[in-house]
There are 2 protein chains.
Amino acid sequence: MRYDHDEIIEKATTLFWQRGFQAAGMRDIQQALDMRPGSIYARFQSKEGLFKLVVEHYADNSAKRLKQVTEARSPLDALYHFFETALTGPDEQRYMRQCLLVKSIAELDLIGDIAKKAVLESMQTLKAGFRNIIETCIEKGELPEHTPTSTAAEWLQNQFVGLRAFALLQDDNQTTIKMIDKVIIDLKGQWPQQTH
Amino acid sequence: MRYDHDEIIEKATTLFWQRGFQAAGMRDIQQALDMRPGSIYARFQSKEGLFKLVVEHYADNSAKRLKQVTEARSPLDALYHFFETALTGPDEQRYMRQCLLVKSIAELDLIGDIAKKAVLESMQTLKAGFRNIIETCIEKGELPEHTPTSTAAEWLQNQFVGLRAFALLQDDNQTTIKMIDKVIIDLKGQWPQQTH
DNA sequence: GGTTTACTTGAACGATCGTTCACATGATAA
DNA sequence: TTATCATGTGAACGATCGTTCAAGTAAACC
């Protein structure tokens with residue numbers, strides 16, 4: 001094996017993150033990985049097979065970061081910095097502001113069933129990660145006891161999705177920061193009643 | 001002219017909304033519009049030219065709806081129903097839950113400069129629409145005087161973007177409604193301070 | 001009726017897409 | 001050294017992409 005597996009996935013992640021599944025052509029992939037088509041197909045079966053591994057690698061990485069947030073001394077502060085890091089990177093890494101998973105959801109129909117399943121499952125994994133953060137915050141007294149865990153987790157992921165789509169267009173980091181501040185405020189705030 | 005212009009744009013909007021710019025092939029377009037390639041190109045120059053008109057038509061329509069919200073007796077109630085309508089349509093119109101503009105942003109690089117410009121300008125138009133809603137709400141006493149108009153407008157658009165990406169995946173409308181409730185609560189809530 | 005003009009047609013173009021496969025290469029085992 | 005086997009190579013395939021253009025059609029004007 002001439003090619004290191006992790007290195008391949010890493011490079012492929014960068015490409016798919018920048019371009020998306022559809023727009024990243026096999027010839028782009030060949031160039032990015034410095035591999036010939038035969039080698040790629042021998043290992044990954046297809047473009048979709050490679051993409052599936054990339055999605056799983058990306059989701060693992062994201063889940064790990066969310067776990068780190070729960071393990072911090074102040075999870076709420078750590079959450080703030082998690083958002084800040086994800087949304088206000090340098091301009092040459094602007095593509096990273098968009099969540100690879102969210103980007104993939106936009107082209108979910110073109111992706112193929114196997115990778116599609118991986119994307120949706122990854123979204124569930126992240127949701128669980130956000131839920132853990134909420135629970136830890138409540139345990140540590142950083143969020144009110146009455147916070148509805150499940151709703152708040154979904155809401156938090158939702159905020160993340162929205163902010164990532166938004167930050168992609170935003171030139172002014174100060175505006176993005178203000179939005180993150182608002183997320184933290186609202187997280188501590190009131191929640192809708194069950195009854196309707 | 002055998003073909004009605006508005007009807008063409010309407011049909012094209014449906015197709016692009018369902019599939020996105022890249023995935024909607026010229027042959028799909030030909031079928032959806034019941035037109036031959038020559039006719040399409042004679043009128044719209046290119047696939048991108050057609051898409052540009054679709055985007056503008058979509059943005060006009062959205063702006064009109066936002067305007068209606070400001071003109072309602074209770075803009076805040078109208079805003080709630082605007083969200084509800086956009087996000088909880090029937091399953092066969094699920095594609096409509098995703099905002100065409102947001103969907104387009106995800107593939108902004110593949111679209112071409114002309115249509116790209118149209119997409120970004122449309123986003124600005126919508127932002128202005130949201131801003132008007134905020135201002136009207138303040139005037140009518142439905143929102144506190146101290147609400148930071150510009151920030152709140154950007155925030156509201158952001159919520160809309162996030163919810164549309166989220167509602168696309170959501171099977172349970174009740175969850176979506178809960179998220180809309182939360183938006184209205186937070187809109188009335190506290191805002192981050194300028195100082196940092 | 002004949003000519004002009006505006007619009008429509010659809011076969012065909014070159015480019016690019018994801019993918020394949022006969023063959024080359026190089027490490028390991030005998 | 002020779003045989004074996006996993007791995008890597010790259011020209012080439014059929015399909016599909018957005019687009020073109022010479023020819024056809026039909027209404028308008030003289």
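In what follows, every chain begins at residue 1, and chains take the letters A, B, ... in the order their sequences are listed.
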Take the angle between the ring planes of A/W17 and A/Y58 and call it parallel below 30°, perpendicular above 60°, tilted in between.
perpendicular
Write down the distance between CE (B/M26) and C1' (C/dA11), rounded to a whole number of angstrom.
15 Å
Around A/D4, counting heavy atoms of other residues, nucleotides and ligands shown, do more than 12 lie under 6.0 Å from its CG?
yes
Which sits closer to the 5' end of DNA chain C, A/A23 or A/G38, going by the nucleotide each is nearest to?
A/A23
OP1 or OP2 of C/dT8 under 4.0 Å from side-chain N/O of B/R36:
no
So, do B/F16 and B/Y95 have ring centers that fall under 6.0 Å from each other?
no
Here the distance between atom C1' of C/dT9 and atom CZ of B/R43, to the nearest Å, is 14 Å
Roughly how many Å is it from NE2 in B/H5 to C1' in C/dC7, rounded to a whole number?
15 Å
Look at B/S39 and C/dT9 and indicate whether a side-chain polar atom (N or O) is within less than 4.0 Å of OP1 or OP2.
yes
Of A/A42 and A/R27, whose nearest nucleotide on DNA chain D comes first from the 5' end?
A/A42
Tell me if the CD atom of B/Q30 is crowded by more than 12 foreign heavy atoms within 6.0 Å.
yes
Outermost contacting nts on DNA chain D, any atom under 4.0 Å from chain A heavy atoms, listed 5' then 3', are D/dT7 to D/dA12
In whole angstrom, what separates B/M35's CE from C/dT9's P?
7 Å
Distance-only polar pair, side chains of A/R131 and A/T149, donor-acceptor under 3.5 Å
no
Please confirm whether the ring centroid of B/F51 lies under 6.0 Å from the ring centroid of B/F44.
no
